[in-house]
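See structure below.
Note on naming: letters A, B, ... go to the chains in the order of the sequence lines (proteins, then strands), and numbering restarts at 1 for each one.
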2 protein chains.
Amino acid sequence: MDLTERKRRILRAIIESYIQSAEPVGSKAIAASIGMEVSSATIRNEMADLEAMGLLEKPHTSAGRIPSPKGYRFYVNELMEAHKLSLQETERMNQALRLKMQELDRVLDQAGRVVSQLTNYPAFALSSGMDKVTIRRFDLLMVEHNAFIIVVMTDTNVVRNRLIRLPSDLTEAQLQMLNTLLNTTFTGLTLAEITPELMRVAQHAAGEAYGLISLVVSFAMEVLEGLEQRRVHTSGLAHLLELPEYQSLDRAQPLMSYLSEDSDPARFPVPKDDPMRILIGPENVADALKDTSVVVASYDIGEGMRGVIGVVGPTRMDYAKITARLSYLAEGLSRLFGQGELPQGKGDEN
Amino acid sequence: MDLTERKRRILRAIIESYIQSAEPVGSKAIAASIGMEVSSATIRNEMADLEAMGLLEKPHTSAGRIPSPKGYRFYVNELMEAHKLSLQETERMNQALRLKMQELDRVLDQAGRVVSQLTNYPAFALSSGMDKVTIRRFDLLMVEHNAFIIVVMTDTNVVRNRLIRLPSDLTEAQLQMLNTLLNTTFTGLTLAEITPELMRVAQHAAGEAYGLISLVVSFAMEVLEGLEQRRVHTSGLAHLLELPEYQSLDRAQPLMSYLSEDSDPARFPVPKDDPMRILIGPENVADALKDTSVVVASYDIGEGMRGVIGVVGPTRMDYAKITARLSYLAEGLSRLFGQGELPQGKGDEN
DNA sequence: CATTAGCACTCAGAGAGTTTGAGTGCTAAA
DNA sequence: TTTAGCACTCAAACTCTCTGAGTGCTAATG
């Protein structure tokens with residue numbers, strides 16, 4: 001798609017004006033806005049050309065033009081200039097990143113929330129799961145004569161624990177034995193490899209403490225399961241209602257519902273290769289997103305996992321600004337706990 | 001407030017009709033609905049009386065009547081009959097409760113989500129924090145020569161852990177020493193009692209390993225802090241838009257925003273004594289809730305904490321149904337982990 | 001040949017006026 | 001005390017008209 005320099009300038013002016021105002025743009029306004037010595041009639045001719053190429057469209061005969069999805073795509077690929085982040089903006093994000101991030105879940109939630117506040121669009125955050133995680137070691141800590149703590153660590157350095165209370169008493173020696181048995185039998189196995197047969201064999205070996213084995217192992221399995229699971233967090237949904245395109249309930253409601261039912265991570269696009277991806281209108285697979293745009297960025301969470309944060313908005317969203325912020329934040333997050341090391345030297349992997 | 005039996009029946013019929021339809025109720029409809037041998041004119045007279053008492057109001061002269069907040073209050077206190085839960089409903093809730101509940105945070109989230117799905121109204125869930133929690137014990141587990149796990153257990157039986165990686169190596173003996181020092185110095189203290197002076201003393205005692213002390217203790221402090229914190233989860237916001245009273249954006253938007261900014265738990269009402277509380281329209285403190293009703297139930301989370309779940313909706317919400325469901329769920333939650341014991345014998349306190 | 005001025009044409013949206021019908025309050029009779 | 005009857009009210013829906021921003025086309029211009 002080749003365009004003369006003038007057409008490019010006009011297209012760009014139209015898109016940027018429409019991004020601002022959400023109102024169809026007329027030839028006169030453009031003639032005035034670009035500092036060029038051409039009349040509105042000329043602009044009209046150019047606009048007709050751009051429309052013929054499929055880059056613009058008309059809501060109706062006597063309105064101005066609005067960009068088509070194809071137009072946005074061209075803008076994003078060729079016309080858009082990188083948005084410079086203000087000091088204020090980066091400071092805001094840095095501050096958000098510095099928050100105490102205790103659990104992965106909470107980090108995601110937090111990340112989504114920050115993005116949403118920063119962009120004034122709804123945001124979502126999800127983690128892509130892993131399915132070859134194994135348990136690296138078990139530790140059993142005696143607490144009282146009838147209670148102990150299971151500590152389980154995976155090969156991806158995730159540590160989880162649970163307190164177990166028993167109806168009967170337990171000796172330190174028993175616990176020790178159990179511990180050894182667990183570490184020899186159940187380490188290095190993926191969730192799928194922990195079979196009922198294996199369980200039966202282990203229970204047999206455990207003698208008296210055979211009931212405890214299944215207790216501990218089922219906890220370990222829960223942990224592995226939890227790591228496989230992908231969860232989505234959405235936030236800032238209410239921002240939708242502030243946008244002129246969602247003043248009509250008919251348009252807001254379906255999208256709103258779609259985004260709220262955040263149970264299914266599959267419905268959210270995940271960038272394949274690139275760290276950042278923009279999906280404009282019909283480029284989205286999901287029907288409910290057909291006339292919205294989605295910008296997603298991915299970041300390294302360490303432990304072999306990648307996190308994804310994204311923003312959903314009308315097709316006329318300010319791509320330059322959004323991509324700048326999103327990628328800054330994604331980078332920050334990568335840095336933050338991609339290495340398992342926080343700037344302050346806190347290695348939180350819980 | 002004394003009413004004749006007939007007035008009671010009429011008021012109840014009006015309220016229940018309005019709960020269903022959200023449309024002002026006319027005298028004729030009522031005359032037909034209650035199986036009574038009276039004409040609409042009589043009903044009109046009675047309605048005029050009820051209006052004089054402040055139980056009903058008119059949106060405008062030529063419309064039917066709608067209940068006033070006072071009317072709802074009367075209904076809730078005296079007229080409402082307990083809603084019977086269907087087998088299907090209880091089954092649905094039981095199923096939700098049976099879900100694997102790993103972390104408190106997730107439980108809250110889940111509880112709110114279930115309520116919201118069950119009632120078709122937005123729901124919120126929050127935990128009221130504790131501030132006299134202390135650390136009961138520390139355990140340090142060596143993982144590699146330069147990494148160990150901190151396991152911390154509070155007097156409320158919450159167990160948390162973190163993996164720490166060090167730039168330098170560490171001996172088992174050092175770790176042992178550290179462990180003892182921590183257990184003698186920092187157990188039994190609330191967050192406020194862990195003073196900088198105490199830290200300095202301990203660091204001095206730790207000799208070589210003085211840097212590690214602050215690492216571990218600051219993690220412990222984070223844990224205590226986390227338990228003090230109250231967090232809110234809202235869900236099902238999109239349901240608002242399905243209701244006729246929120247078809248106008250002007251009404252939906254402020255409420256939506258209010259509920260979305262879930263950072264501040266203070267904005268959500270917490271029932272003081274009763275296990276269940278109903279706040280009708282202006283009975284709410286927050287301005288944004290002035291013409292909505294809120295139903296909240298609290299439940300025991302064990303560990304001396306109480307959880308709160310609630311539903312927000314228009315004043316005409318179906319109080320009978322909502323209270324029934326909410327209290328069933330709250331009871332279930334209390335049972336579920338109030339005792340620290342799950343039905344299946346899983347004592348999850350992570 | 002590209003550009004421009006001029007003009008007729010289009011059409012969504014705002015505003016004004018009209019109609020409709022559900023519902024009320026009052027009065028007089030049962 | 002209840003009821004039938006009737007005049008009255010008023011929001012909501014509908015229709016009609018007007019307005020003005022914006023277009024496309026044509027003919028003139030450099």
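- A/Phe124 contributes atom CZ, which lies 9.5 Å from atom CD1 of A/Ile309 (distance to the nearest 0.5 angstrom).
- Along DNA chain C, read 5' to 3', the first and last nucleotides having any atom under 4.0 Å from a heavy atom of chain B are C/dA22 to C/dG25.
- Every side chain to side chain contact (heavy atoms under 4.5 Å, CB included) that A/Thr42 has, sequence neighbours left out, goes to A/Arg6, A/Val38, A/Ser39.
- For the helix from C/dC1-D/dG30 to C/dA30-D/dT1, the angle separating the two terminal helix axes comes to 20°, with each axis derived from five pairs and the value rounded to 10°.
- The salt bridge (charged side-chain N to carboxylate O under 4.0 Å, His left out) search around A/Arg251 returns A/Asp291, not counting sequence neighbours.
- With sequence neighbours left out, the salt bridge (charged side-chain N to carboxylate O under 4.0 Å, His left out) criterion links B/Glu51 to B/Arg65.
- Within residues 43-50 of chain B, the residues approaching DNA chain D are B/Arg44, B/Asn45, by heavy-atom distance under 4.0 Å.
- Note on B/Ser40: nothing from the nucleic acid sits closer than 4.0 angstrom, heavy atoms only.
- Residue contacts for A/Lys58: at a heavy-atom cut-off of 4.0 Å it reaches the sugar-phosphate backbone alone, with no base atom in range.
- Nearest-nucleotide assignment on DNA chain D puts the 5′-proximal partner with B/Ala41, out of A/Ala29 and B/Ala41.
- In this structure, A/Arg316 places its CZ atom where more than 12 heavy-atom neighbours from other residues, nucleotides or ligands lie under 6.0 Å away.
- When every heavy atom of A/Val312 is checked against every heavy atom of A/Tyr121, the shortest pair comes out as O-CB, 3.4 Å.
- The distance from the CD1 atom of B/Ile43 to the CD1 atom of B/Ile10 is 4.0 Å, given to the nearest 0.5 Å.
- A/Val294 approaches A/Leu289 most closely through the heavy-atom pair CG2-CD1, 4.2 Å.
- An OP1 or OP2 oxygen of D/dT9 is reached within less than 4.0 angstrom by no side-chain nitrogen or oxygen of B/Thr61.
- Across all non-hydrogen atoms, the minimal contact from B/Tyr246 to B/Leu240 is CB-O, 3.5 Å.
- Rounding to whole angstrom units, NE2 of residue A/His60 and C1' of D/dG20 are separated by 11 Å.
- To the nearest 0.5 Å, the span separating CZ on A/Arg12 from CG on A/Leu3 amounts to 13.5 Å.
- The minimum heavy-atom distance linking B/Leu329 with B/Ala111 is given by the pair CD2-O, 4.2 Å.
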